[in-house]
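Note sheet for the following structure.
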Amino acid sequence: MKSEDTPFEGGPMDGRVLPVLLGPTGHPPKTYRIPVPDPAGGPPTVLVYRRVPRGHSRRLGLPKGWKYVYDPEGETHRGPKWPWSRTAPPTEPNE
């Protein structure tokens, strides 16, 4: 597997560069989760970082590389929201 040295910005990993495995398209994953163990023995805290372009080329506007930016809320974005995958509105029971 190929890996790429990717910088991290913000949060506890600010300024660090880690080798991140690349996917079949040659890009690192869109989100990078780092579990941090709790010193008291509780459930681990998960740090979430989002992939953003490091810069763009002048002529074509293609990304020159990637970096990870800290996402303090850590929400999960599960891809596009298709109109047919919406949840149905609640129906009232028939009386």
(message) Under 6.0 Å from the ring centre and within 45 degrees of the ring axis: does the NZ or CZ of R51 meet both conditions for the six-membered ring of W66?
(response) yes

(message) When you measure from the side chain of T6 to the backbone of E4, do you find a donor-acceptor pair of N or O atoms at a distance under 3.5 Å?
(response) yes

(request) Could you tell me whether the side chain of L21 reaches within less than 4.5 Å of the side chain of P28, counting heavy atoms only? (result) no

(message) If I compare all heavy atoms of S3 with all of P19, which pair ends up nearest, and what's the gap?
(response) OG-CB, 4.2 Å

(request) Specify the closest pair of heavy atoms between V46 and R33, including all atoms of both residues, with the distance to one decimal. (result) CG1-CB, 3.9 Å

(request) Taking all heavy atoms of P29 and all of V20, pick out the closest pair and write down the distance. (result) CD-CG1, 3.8 Å

(request) Check the angle between the aromatic planes of Y68 and Y32 and answer parallel, tilted or perpendicular using the 30° and 60° thresholds. (result) tilted

(message) When you compare the side chain of V52 with that of K67, does any pair of heavy atoms fall below 4.5 Å?
(response) yes

(message) Could you check whether S57 and R59, counting side-chain N and O atoms only, form a donor-acceptor pair closer than 3.5 Å?
(response) no

(request) Compare every heavy atom of L47 with every heavy atom of P12, then report the nearest pair and how far apart it is. (result) CG-CD1, 3.7 Å

(request) Taking the six-membered ring for Trp and the full ring for Phe, Tyr or His, determine whether the centres of F8 and Y49 are under 6.0 Å apart. (result) yes

(message) Using 0.5 Å steps for rounding, measure from the CG atom of L18 to the CG atom of D5.
(response) 8.5 Å

(message) Hydrophobic clusters here meaning ILVMFWY residues chained together by side-chain heavy-atom distances under 4.5 Å, can you tell me if M13 and Y70 are in one?
(response) yes

(request) Evaluate the side-chain proximity of P7 to V17: yes if any heavy-atom separation is below 4.5 Å, no if none is. (result) yes

(message) Once rounded to the nearest 0.5 Å, what's the spacing between atom CZ of R16 and atom CD of E9?
(response) 14.5 Å

